[in-house]
Novice: 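Next up is a structure, given as structure tokens.
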Amino acid sequence: GWAGSLTNHPGKRGFHEYIKPLTDEFPEVELKVQDSAVKQITDDNEMRSFYNSLDLYFAASRSESGPRTVLEAAACGVPVISTDIGLVPELIENDVDSFIVDRDYEVMRTKLKWIIANREVLPQMGSLIRTKMENEFNWDSIVFQWTDFFKYGIELQRLKKEGYIK
């Protein structure tokens, strides 16, 4: 599955270049898409239902900050195949709870083919990624990272103001 906007950032998301053509190659794969440009889902339960209907979430972006959709899928216990973007390297243990792939058509094709042949591993991977989200990406765990980040930024501003750094 894939979620996002197909109209913003053309060429960056990788949907038309990778995800759609790759999934079209395999008749046993059903690509479920939640395009926010067509229907903006604002109900958390509806979005959760979308993720829970997936066996695998696919992210092929060139760059992202989160990406939030990968975090949401993982929180729902859906394993992910993703390019090395944003928080993905911190979230995914490659080939254990999800998959990190190069942004290359043949690399993605090979991995998707392997996943199709070994789809029985997906429920266990989903359980592992969900547990990781519960243990490492919960508010109690990340709040201190954010407060440290802001304290660091404030200290840099002070040092700059006082002329210690440019």
Side-chain angles (χ1 to χ4, degrees), residues 1-19 33-37 39-52 54-105 107-108 111-112 115 121-122 124-166:
W2 183 86
S5 172
L6 292 174
T7 57
N8 70 352
H9 307 291
K12 177 184 167 194
R13 302 279 184 229
F15 181 83
H16 296 292
E17 302 85 355
Y18 302 101
I19 298 170
V33 176
Q34 198 295 300
D35 180 1
S36 61
K39 180 186 179 200
Q40 181 77 34
I41 295 178
T42 57
D43 179 359
D44 290 344
N45 290 324
E46 191 175 347
M47 202 64 214
R48 204 172 294 119
S49 292
F50 168 77
Y51 288 117
N52 287 329
L54 306 177
D55 294 322
L56 181 71
Y57 184 80
F58 208 143
S61 295
R62 186 179 41 205
S63 64
E64 294 269 354
S65 58
R68 190 186 78 236
T69 55
V70 167
L71 294 168
E72 290 172 348
C76 289
V78 177
V80 174
I81 179 172
S82 178
T83 51
D84 186 1
I85 49 174
L87 294 170
V88 165
E90 288 82 25
L91 172 64
I92 292 176
E93 186 174 348
N94 192 34
D95 294 334
V96 174
D97 55 26
S98 286
F99 309 95
I100 300 174
V101 293
D102 291 336
R103 197 169 196 257
D104 175 88
Y105 193 90
V107 170
M108 290 180 190
K111 184 56 75 174
L112 187 57
I115 293 167
V121 303
L122 295 177
Q124 177 64 26
M125 293 177 100
S127 178
L128 290 171
I129 197 81
R130 168 69 185 173
T131 299
K132 184 181 286 182
M133 288 297 294
E134 290 173 350
N135 294 336
E136 299 174 28
F137 287 82
N138 63 64
W139 184 246
D140 290 337
S141 297
I142 64 170
V143 68
F144 298 108
Q145 295 172 21
W146 281 104
T147 55
D148 288 347
F149 171 78
F150 287 118
K151 286 177 186 176
Y152 179 74
I154 291 168
E155 180 64 10
L156 284 178
Q157 285 298 103
R158 183 187 67 77
L159 292 171
K160 186 176 181 181
K161 184 179 178 181
E162 295 176 5
Y164 292 107
I165 61 173
K166 293 183 180 189

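Throughout, numbering of the chain's residues begins at 1 and tracks the sequence.
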Novice: Could you measure the distance from the CZ atom of Phe58 to the OG1 atom of Thr69? Nearest 0.5 Å is fine.
Specialist: 12.5 Å
Novice: Closest approach of Arg103 and Tyr18, non-hydrogen atoms and distance?
Specialist: O-OH, 3.4 Å
Novice: Specify the closest pair of heavy atoms between Lys39 and Gln34, including all atoms of both residues, with the distance to one decimal.
Specialist: O-NE2, 2.6 Å
Novice: For Phe144 and Thr147, run side chain to side chain contact (heavy atoms under 4.5 Å, CB included): C-alpha distance rounded to whole Å, both residues' side-chain angles, the deciding distance at 0.1 Å, then the answer.
Specialist: CA-CA 5 Å; Phe144 298 108; Thr147 55; 4.3 Å; yes
Novice: Under the criterion salt bridge (Lys or Arg N to Asp or Glu O under 4.0 Å), I'd like the reasoning laid out for Glu90 against Lys132: C-alpha separation, chi angles, the key distance, then a yes or no.
Specialist: CA-CA 10 Å; Glu90 288 82 25; Lys132 184 181 286 182; over 6 Å; no
Novice: When rounded to the nearest 0.5 angstrom, what distance separates CD1 in Ile92 from CD1 in Ile81?
Specialist: 9.5 Å
Novice: Run the salt bridge (Lys or Arg N to Asp or Glu O under 4.0 Å) test on Lys111 and Asp102 for me, step by step, so that the C-alpha distance in whole Å, both residues' side-chain angles and the decisive distance to 0.1 Å come before the verdict.
Specialist: CA-CA 10 Å; Lys111 184 56 75 174; Asp102 291 336; over 6 Å; no
Novice: Looking at Lys160, Glu162, Lys161, which one forms a side chain to side chain contact (heavy atoms under 4.5 Å, CB included) with Arg158?
Specialist: Glu162
Novice: List the atom of Val88, the atom of Pro67, and the distance in Å for their closest heavy-atom pair.
Specialist: CG2-CD, 4.1 Å
Novice: Quick check for you: to the nearest 0.5 Å, what is the distance between Phe50 atom CZ and Glu72 atom CD?
Specialist: 10.0 Å
Novice: Please tell me whether Thr131 and Glu134 have a donor and an acceptor in their side chains that are separated by less than 3.5 angstrom.
Specialist: no
Novice: Within the structure provided, determine whether Glu136 and Leu91 are in side-chain contact (heavy-atom separation under 4.5 Å).
Specialist: no
Novice: Could you tell me which non-hydrogen atom of Arg130 sits nearest to which non-hydrogen atom of Gly77, and how far apart they are?
Specialist: CB-CA, 3.7 Å
Novice: Apply salt bridge (Lys or Arg N to Asp or Glu O under 4.0 Å) to residues Arg13 and Glu64 and explain how you reach the verdict.
Specialist: CA-CA 9 Å; Arg13 302 279 184 229; Glu64 294 269 354; 2.7 Å; yes
Novice: How long is the gap from CZ on Phe137 to CD1 on Ile129, to the nearest 0.5 Å?
Specialist: 8.0 Å
Novice: Under a 4.5 Å cut-off applied to non-hydrogen side-chain atoms, are Leu56 and Val80 in contact?
Specialist: no
Novice: Rounded to the nearest 0.5 Å, how far apart are CE of Met125 and CG of Leu128?
Specialist: 8.0 Å
Novice: For the CD atom of Glu155 and the CG atom of Asp148, what is their distance to the nearest 0.5 Å?
Specialist: 12.5 Å
Novice: I'd like to know if the side chain of Ser49 pairs up with that of Asn52 as donor and acceptor (distance under 3.5 Å, no hydrogens or angles considered).
Specialist: no
Novice: Kindly give the heavy-atom pair with the smallest separation between Ser98 and Pro79, and that separation in Å.
Specialist: OG-CA, 3.5 Å
Novice: Indicate yes or no for a side-chain donor-acceptor contact from Ser127 to the backbone of Gln124 under 3.5 Å, with no hydrogens or angles considered.
Specialist: no
Novice: Ring centres under 6.0 Å, that's the criterion: do Trp2 and Tyr57 meet it?
Specialist: no
Novice: If you compare all heavy atoms of Ala3 against all heavy atoms of Met47, which two are closest, and at what distance to 0.1 Å?
Specialist: CB-CE, 3.8 Å
